[in-house]
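Mind looking over this structure? Questions follow.
Each chain gets a letter, A, B and so on, in the order its sequence line appears, and its residues count up from 1.
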Amino acid sequence: MWASSCRRLASVSSTQAISAKRTLGLTNRFSSSLVIAEHNNASLAGSTLNTITAAKQLGDVTVLLAGNFQGKAELAQEVAKVDGVSKVAVIDSAAFDNSVAEIVTSAVVEAQSQLKASHVVAPASSFGKNVLGRIASVLDVEPVADVISIKSADTFVRPIYAGNALATVKSTDAVKLLSVRSTTFDKAKPRASGAAEIVTLKAPEAPSTPVAKLLREDVVKSARPELTSARIVVSGGRALKSAENFKIIEKLADTIGGAVGASRAAVDEGYAPNDYQVGQTGKIVAPEVYIAVGISGAIQHMAGMKDSKVIVAINKDPEAPIFQVSDYGIVQDLFNAVPELTKILEKK
Amino acid sequence: MSSGYRVMVGVKRVVDFAVKIRVRPDKLGVETAGVKQAMNPFDEIAVEEAIRLREKGHAAEVVAVSMGPTVCQETLRTALAMGADRAIHVETTKELQPLAVAKLFEKLALKEKADLVVLGKQAIDDDSNVTGQMLAGLLRWPQATFLSKLSVSGDKTALEAVREVDGGLQTLHVPLPAVVSCDLRLNEPRFATLPNIMKAKKKPIDKQTPESLGVDVTPRLQTVSVDEPPPRKAGVKLETVQDLVDNLKKGGMI
């Protein structure tokens, strides 16, 4: 709705445009957003594309691509071809081999001092959450975390109390700093033609105070779709009883082409790794289909999946709270239902 | 850093995690009057971790801090009963948003010469997950967030921290002084025993205010409204797994 209003304005006279923009709530005629790209130097994280879509509602989009690219331009060129991106600002430095919050923050602050965006936007991923607060302290602003909807240039909706309430807040800071959830903004697509301008920014000075050092990353590469953007998620809970049993969840997910999730209880017990956790303090997902297997449906778990389009629950307890949010409920022992479901789907 | 270092821990009083919250009729907040409150679960984990650091001989003192109205002292008493040595209550009835909280903590960390500040990853009411990061930025200290494991380096000048991130785990070397935030799997907090609850009544709680610390806590975000999320349509129970497959196929889901 926002974006189409702005596009219509582009065709009217500038005076009319300025007064119309004021009516629409944009307080700065030069509204511009600085998107903090999440990437691994070689490819862009999906979350960055959702963030670009959100940022488009706030003004011309410049994407900050800060990393150790060793002079290679491919990733910048890829970002420049994303629809809605007006500019790609590159900071290329070996300092980003230590991609801790302190280093990323110094790059964002440096970029913002040069670009002077009205809005600085990060994905609400663990990467974005790690830096949002630190950037806020340097800019001296109150960040708006986990935005699910943009009402105007200064007003945003975010979930509180595990998503059981939605707060609409208005920022009174001159620069708005926000993180956005990928579940409510579609991924920006590549342009039909053309590319944004790519500029190189000078790298920030090395920090003058001690910083943490990244010793290692234990990140599992999976052939499965990414949990936060998968169309189908199959999720297992404590009722699986062991890591060995949890494999039936993975088998169902692989049969159906879905990602694998888990409840906190299943992760705590060691049935699944921490990056499978769906919930208030884990991953927030909103797939087309969420199949909750042996998950009772605690408030904290629901927070992570209740915006899924279709929720399926398989649980032998008919009173399990999960049935209050599910579209389709199956009251059966999961150790019968899941293999049966997998078998039926295998036949396709 | 000698083994006599001081750990400061933040504890927030929030609506208990099991409560089904309701939006207030004035739609400006969530109903908290008469509703069960408790220490933020992530802060329980933070207190537990700080006490373990002292029990292992790394820290000499654990100072618990809470900010807000008088009733925060109950939360501080819980922290003291778990084993914190003393507490500080920053008393105010004003709304405290994360930036203000971080600025108050900054003043306290410097005033008390803290070597490590341990906070919970997020408060389960606000769910912002920013305060620890802000505090680290204000102090210009290293940070390590979403911790699932914490240990002290051999020479005690740094921490080795394992963090839970979207793709798995990261291990960081974190020079002290630092700010860390705790995630769910860092530890299982102890229950305060009755003898310790009694002992806690004698431990000191120092008072401060935003004015005494020289911090302007004026909120930067105005709450326009607080609403319930749109309700989901009621679902159906299906008899067989085949019914499920048929329904999903009919809906074009699979």
Side-chain angles (χ1 to χ4, degrees), chain A residues 100-102 105 125-126 129-130 132-134 136-138 141-146 155 159-173 209-220 256 264 268 273-275 281 288-289 310 312 325-331 337 340-341 344, chain B residues 17 20-21 23 30 97-99 102 121-122 124-134 136-138 140 142-146 148 164-175 184-185 220-229 232 235-238 241-242 244-245 247-248 251 253-254:
Chain A
V100 293
E102 297 88 303
T105 299
S125 58
S126 61
K129 290 180 196 207
N130 194 29
L132 187 74
R134 200 174 181 110
S137 71
V138 179
V141 300
E142 186 74 67
V144 186
D146 276 57
T155 304
I160 56 174
Y161 288 92
N164 288 296
L166 301 179
T168 302
V169 298
K170 182 172 148 135
S171 164
T172 59
D173 286 315
T209 51
V211 304
K213 188 162 154 51
L214 179 59
L215 296 179
R216 53 186 256 229
E217 293 208 69
D218 293 302
V219 165
V220 180
I256 209 170
R264 174 199 172 170
D268 281 359
N274 67 283
D275 52 292
T281 69
E288 298 265 305
V289 185
V310 170
V312 176
V325 298
S326 61
D327 297 286
Y328 301 118
I330 299 208
V331 184
E340 190 188 344
L341 180 55
I344 295 175
Chain B
F17 80 95
K20 222 164 168 178
I21 56 107
V23 171
V30 156
Q97 293 181 350
L99 184 60
K121 173 171 98 165
Q122 69 197 63
I124 61 167
D125 49 10
D126 190 54
D127 280 334
S128 278
N129 189 339
V130 289
T131 307
Q133 295 86 314
M134 286 176 150
L138 290 171
R140 282 139 70 95
Q143 67 180 62
T145 58
F146 328 147
S148 58
E164 291 196 1
V165 295
D166 285 343
L169 301 172
Q170 275 189 353
T171 307
L172 300 188
H173 168 91
V174 190
L184 296 174
R185 280 169 280 278
R220 303 289 187 84
L221 302 182
Q222 291 165 2
T223 300
V224 173
S225 72
V226 174
D227 301 284
E228 276 171 24
R232 282 188 80 93
V236 296
K237 293 240 174 69
L238 299 173
V241 169
Q242 185 63 56
L244 173 64
V245 176
N247 272 285
L248 290 177
M253 302 277 133
I254 55 166

**Q.** Candidate pair Arg185(B) and Asp268(A), rule side chain to side chain contact (heavy atoms under 4.5 Å, CB included), full reasoning
**A.** CA-CA 7 Å; Arg185(B) 280 169 280 278; Asp268(A) 281 359; 2.8 Å; yes
**Q.** Exam field: side chain Gln133(B) to backbone Lys129(A), donor-acceptor pair closer than 3.5 Å
**A.**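 Yes, Gln133(B) side chain to Lys129(A) backbone: donor-acceptor pair under 3.5 Å.
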Q. Mind checking whether Val241(B) and Ile344(A) have side chains closer than 4.5 Å, heavy atoms only?
A.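 Yes, their side chains come closer than 4.5 Å.
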Q | Contact origin within Pro143(A) toward chain B - heavy atom pairs under 4.5 Å | A |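 Both backbone and side chain.
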**Q.** Test item: Leu221(B) and Ser171(A) side chains (from C-beta on) under 4.5 Å apart, heavy atoms
**A.**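 Yes. Closest side-chain heavy atoms under 4.5 Å.
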Q) So, do Leu341(A) and Val245(B) sit near enough that their side-chain heavy atoms are less than 4.5 Å apart? A)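 Yes; the side chains approach each other to less than 4.5 Å.
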Q. Is there a donor-acceptor pair under 3.5 Å between the side chain of Lys121(B) and the backbone N or O of Thr281(A)?
A.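 Side chain of Lys121(B) to backbone of Thr281(A): a pair is present.
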Q. Are any non-hydrogen side-chain atoms of Val236(B) and Tyr328(A) less than 4.5 angstrom apart?
A.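 Of all side-chain heavy-atom pairs linking Tyr328(A) with Val236(B), at least one is under 4.5 Å.
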Q.
Nearest 0.5 Å, please: how far is CG in Asn130(A) from CD in Gln170(B)?
A.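 Those atoms lie 7.5 Å apart.
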Q: Could you grab the distance from atom CD of Gln222(B) to atom CD of Glu142(A), nearest 0.5 Å is fine?
A: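 Gln222(B) CD to Glu142(A) CD: 12.5 Å, rounded to 0.5 Å.
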Q | Stepwise side chain to side chain contact (heavy atoms under 4.5 Å, CB included) check, Ile160(A) with Val226(B) | A | CA-CA 9 Å; Ile160(A) 56 174; Val226(B) 174; 4.3 Å; yes
Q. Between Arg216(A) and Leu169(B), is any pair of side-chain heavy atoms under 4.5 Å apart?
A.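 A side-chain contact under 4.5 Å is absent here.
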Q. Any side-chain heavy atom of Val312(A) within less than 4.5 Å of one from Leu248(B)?
A.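 The answer is yes; the side chains approach within 4.5 Å.
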Q. Is the number of heavy atoms from other residues, nucleotides or ligands under 6.0 Å of Arg140(B) CZ greater than 12?
A.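 No, the 6.0 Å shell around CZ holds no more than 12 heavy atoms from other groups.
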Q) To the nearest 0.5 Å, what is the distance between CG (Leu244(B)) and CD1 (Ile330(A))? A)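 Answer for the CG-CD1 pair, Leu244(B) versus Ile330(A), is 4.5 Å.
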Q.
Looking at every heavy atom in both Ala145(A) and Ser128(B), which two are closest together, and how far apart are they?
A.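 Smallest interatomic distance, heavy atoms only, reads CB-O, 3.6 Å.
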Q: Between chain A and each of Gln242(B), Arg232(B), Lys237(B), count heavy-atom pairs under 4.5 Å; write down the option with the most.
A: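 Looking at each of Gln242(B), Arg232(B), Lys237(B) in turn, Arg232(B) comes out on top.
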**Q.** Gap separating the CG atom of Leu172(B) from the CD atom of Glu217(A), nearest 0.5 angstrom
**A.**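 If I round to the nearest 0.5 Å, the distance is 9.0 Å.
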Q) Quick one: of Thr223(B), Ile254(B), Asn129(B), Asp126(B), who has the most non-hydrogen atom pairs under 4.5 Å with chain A? A)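 The residue among Thr223(B), Ile254(B), Asn129(B), Asp126(B) with the greatest pair count is Asp126(B).
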